[in-house]
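Treat the numbers as computed from the prediction; the structure is a model and nothing was measured.
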Amino acid sequence: MNRTPIFAASVAALAFAGVAAWWLQRSPDPQPEPEPSTQDARRPLYWYDPMKPEVQFDAPGKSPFMDMELVPRYADEAASAQGAEQAVIRVAPGMVQNLGIRTAPVERGRFWQRVDTVGSVDVDPHRIRTIESRVAGWIEKQYVHAAGERVRSGTPIAAIYAPELYAAQEELLLATRGGDTGLAAAARERLSLLGVGAGQIDAMLRAGRAQRALPLLAPGDGVVLDIDVHEGQQVAPGARLARIADLAQVWVLAEVPEAQAGWIATDRPAEARIAALPGVVFEGRVDYIYPSVDATTRTLRVRVVFDNPQESLKPGMYADVTLFGGPRDDMLTIPSEALIRTGRRSVVIVARDDGGFVPVHVVAGDERNDRTVILEGLREGQSIVVSGQFLLDSEASLRGAFNRLSAESTP
């Protein structure tokens, strides 16, 4: 049998296979698969309940957890946040109203600094008068017996017998009867220096005889703070008999947190309210800022002066105090209800023009009248969520955690 044709055919087949392999190696690389179309990107991956986003469903319908429709999760939503800390949340237009999502704009304007704190009413020490004895003697009569009694200017507090006072009166009477004007003037001046008023001296001259016990008179209107003597008691020069306070003007000592101390300045307006008179607002001004901060409470004491003609503000009362620190212009503010504070971060949910919602970290400042200053993170005119933001933030946080977990597990 002739084997030559068979051998020749085998060689030819091997040569053709080698040429084919060489040609395939030289052929161009295969083209990458096309990106999914927009229609594929908007294809729901699954459905979920916004109140329990970790549970996924294969078909739409009623949620088994809440009385609401399931929400679709689209492919582009999952891709938009992959590898990012902030996830874009998309809510169907029909669900926005069902979830109660409301928005408000970020505004720029004037922000009034204000400190709301508490304080206590105190007596103004500048309005306290002290009655003292300038001579040695005895209290023969007492007219005011207890602290808290109200007195008028010129009201007798007590009557004192003092040999020195009695001798000075006799000296003035003798000089007056003898027509010695120089001696009479000297005697009158001596009585004045011993604390006897001009009206009392004139009354004694009209009576023509010296008074055994001269009354000590209240120097002004007010309330008796304390009484230190009683009838029959001996007193020495300089002994305090009583103290009287005029309550027509009082102090309120307010405690301002250390972080807000920079807002306060003297002569700024202030308001006070007390529980005894609901709806009544007392207007005053900041009179003095104490130079040190309390080491325990970390508060700064501020003295506020209030007119008190009806004496409604009584020493010892607690008052709700509002201190106005003046305006700050060109400040970005948002409704305070839109701010989500977790202790470690402050977040605002921003509504995007394409219908999505995204959480944004912000730096929050002062708060007043339900509006909060935003120092960083937002710009004027942005639309933020003021109702339903906690649900969106929870969804974004959960999705961000899933995305980070997926990114870490990808080689």
Chemist: To the nearest 0.5 angstrom, please state how far the CZ atom of Arg209 sits from the CG atom of Leu205.
Modeler: 13.0 Å

Chemist: Quick check: does any side chain N or O of Gln382 sit under 3.5 Å from a backbone N or O of Arg379, one acting as donor and the other as acceptor?
Modeler: yes

Chemist: Could you tell me if the side chain of Ser133 sits less than 4.5 Å from the side chain of Ile160, heavy atoms only?
Modeler: yes

Chemist: Do Val229 and Val235 pass the side chain to side chain contact (heavy atoms under 4.5 Å, CB included) test, and can you show the C-alpha distance, the side-chain angles, and the key distance before you say yes or no?
Modeler: CA-CA 8 Å; Val229 295; Val235 294; 3.9 Å; yes

Chemist: Would you say the side-chain atoms of Asn308 pair up with the backbone N or O of Leu313, donor to acceptor, closer than 3.5 Å?
Modeler: yes

Chemist: Has the side chain of Arg190 got a donor or acceptor atom that lies under 3.5 Å from a matching backbone atom of Ala185?
Modeler: no

Chemist: Do side-chain atoms of Thr176 reach the backbone of Leu172 as a donor and acceptor pair under 3.5 angstrom?
Modeler: yes

Chemist: Which atom pair, heavy atoms only, marks the closest approach of Val151 to Ala218?
Modeler: CG2-CB, 4.2 Å

Chemist: Side chains of Leu323 and Val256: does their closest heavy-atom pair fall under 4.5 Å?
Modeler: yes

Chemist: Considering all heavy atoms of both residues, which atom of Thr117 and which atom of Ala254 are nearest to each other, and what is their separation?
Modeler: CG2-CB, 4.1 Å

Chemist: May I ask you to check whether Arg371 and Thr333 show a side-chain donor-acceptor distance below 3.5 Å?
Modeler: yes

Chemist: Could Asp330 and Arg108 be called an ion pair, given the rule that one side-chain N must be under 4.0 Å from one carboxylate O?
Modeler: yes

Chemist: Side-chain contact test, heavy atoms from C-beta onward, threshold under 4.5 Å: evaluate it for Pro105 versus Ile384 and give yes or no.
Modeler: no

Chemist: Could you go through Phe282 and Ile274, starting from their C-alpha distance and side-chain angles, then the distance that decides it, and tell me whether this counts as side chain to side chain contact (heavy atoms under 4.5 Å, CB included)?
Modeler: CA-CA 9 Å; Phe282 299 89; Ile274 57 176; 4.1 Å; yes

Chemist: Backbone N or O of Gly197 within a donor-acceptor pair of the Gln200 side chain at under 3.5 Å?
Modeler: yes

Chemist: Examine distances only and state if a side-chain atom of Gln233 and a backbone atom of His230 form a donor-acceptor pair shorter than 3.5 Å.
Modeler: yes

Chemist: Let me see the working for Asp122 and Lys314 under salt bridge (Lys or Arg N to Asp or Glu O under 4.0 Å), right down to the final yes or no.
Modeler: CA-CA 8 Å; Asp122 200 359; Lys314 303 183 184 302; over 6 Å; no

Chemist: State, to 0.1 Å, how close Pro163 and Trp138 come at their nearest heavy-atom pair, and which atoms those are.
Modeler: CD-CZ3, 4.3 Å

Chemist: Looking at Tyr161, is Arg212 sitting on its ring face, NZ or CZ under 6.0 Å from the six-membered ring centre and within 45 degrees of the normal?
Modeler: yes

Chemist: Should Arg150 and Glu311 count as an ion pair when the cut-off is N to O under 4.0 Å?
Modeler: yes

Chemist: Can we say Arg273 and Glu271 salt-bridge, meaning some charged N sits less than 4.0 Å from an Asp/Glu carboxylate O?
Modeler: yes

Chemist: What pair of heavy atoms forms the shortest contact from Ala364 to Arg341, and how long is it?
Modeler: CB-NH2, 3.9 Å

Chemist: Val121 and Phe306: side chain to side chain contact (heavy atoms under 4.5 Å, CB included), yes or no, with the steps?
Modeler: CA-CA 10 Å; Val121 182; Phe306 289 91; over 6 Å; no

Chemist: Heavy atoms, side chains only, cut-off 4.5 Å: are Pro72 and Tyr46 in contact?
Modeler: no

Chemist: Looking at Leu70 and Pro60, what are the two nearest heavy atoms and their distance?
Modeler: CD1-C, 4.4 Å

Chemist: Donor-acceptor pair, distance only, cut-off 3.5 Å: does the side chain of Asp221 make one with the backbone of Ser153?
Modeler: yes

Chemist: Taking C-beta and beyond as the side chain, do Ile264 and Gln260 meet within less than 4.5 Å on heavy atoms?
Modeler: no

Chemist: Would you check, one step at a time, whether the test side chain to side chain contact (heavy atoms under 4.5 Å, CB included) holds for Ile128 with Leu225?
Modeler: CA-CA 9 Å; Ile128 296 178; Leu225 295 181; 3.9 Å; yes

Chemist: Considering residues, nucleotides and ligands other than Tyr290, do more than 12 of their heavy atoms fall under 6.0 Å from its OH?
Modeler: yes

Chemist: Would you find a donor on one side and an acceptor on the other, under 3.5 Å apart, between the side chain of Arg129 and the backbone of Gly220?
Modeler: no

Chemist: Around atom NZ of Lys141, are there more than 12 heavy atoms from other residues, nucleotides or ligands closer than 6.0 Å?
Modeler: no

Chemist: Quick one: does Gln169's side chain get under 4.5 Å of Gln211's, heavy atoms only?
Modeler: yes

Chemist: Residues two or more places apart in sequence or in another chain: which of them pass side chain to side chain contact (heavy atoms under 4.5 Å, CB included) with Leu183?
Modeler: Glu171, Ala175, Asp180

Chemist: Can you name the nearest heavy-atom pair linking Ser346 to Leu339, along with the distance?
Modeler: CB-CD1, 4.0 Å

Chemist: Using modelled atom types and a 3.5 Å cut-off, is there a donor and acceptor pairing between side-chain atoms of Gln142 and backbone atoms of Glu231?
Modeler: yes

Chemist: For the CG atom of Asp228 and the CG atom of Leu241, what is their distance to the nearest 0.5 Å?
Modeler: 7.5 Å

Chemist: How many angstroms lie between atom CG of Leu217 and atom OH of Tyr143, to the nearest 0.5 angstrom?
Modeler: 9.5 Å

Chemist: Using the ring-ring contact (aromatic ring centres under 6.0 Å, His included) criterion, which residues pair with His126? Sequence neighbours excluded.
Modeler: Trp251

Chemist: Roughly how far, to the nearest 0.5 Å, is the CD atom of Glu149 from the CD1 atom of Ile157?
Modeler: 8.5 Å

Chemist: I need the Leu214 CG to Leu165 CG distance, nearest 0.5 Å.
Modeler: 5.5 Å

Chemist: Below 4.0 angstrom, N of the basic side chain to O of the carboxylate: do Glu258 and Arg298 qualify?
Modeler: yes

Chemist: Measuring from atom CZ of Arg188 to atom CD1 of Ile201, what distance do you get when rounded to the nearest 0.5 angstrom?
Modeler: 5.0 Å

Chemist: Could you tell me if the side chain of Val348 sits less than 4.5 Å from the side chain of Ile334, heavy atoms only?
Modeler: yes

Chemist: Among side-chain atoms of Asp307 and Gln249, is any donor-acceptor pair under 3.5 angstrom?
Modeler: yes

Chemist: Using side-chain heavy atoms (C-beta onward) and a distance below 4.5 Å, is Arg127 in contact with Asp124?
Modeler: yes

Chemist: Just by distance, no angles: are the side chains of Thr299 and Glu255 close enough, under 3.5 Å, to form a donor-acceptor pair?
Modeler: yes

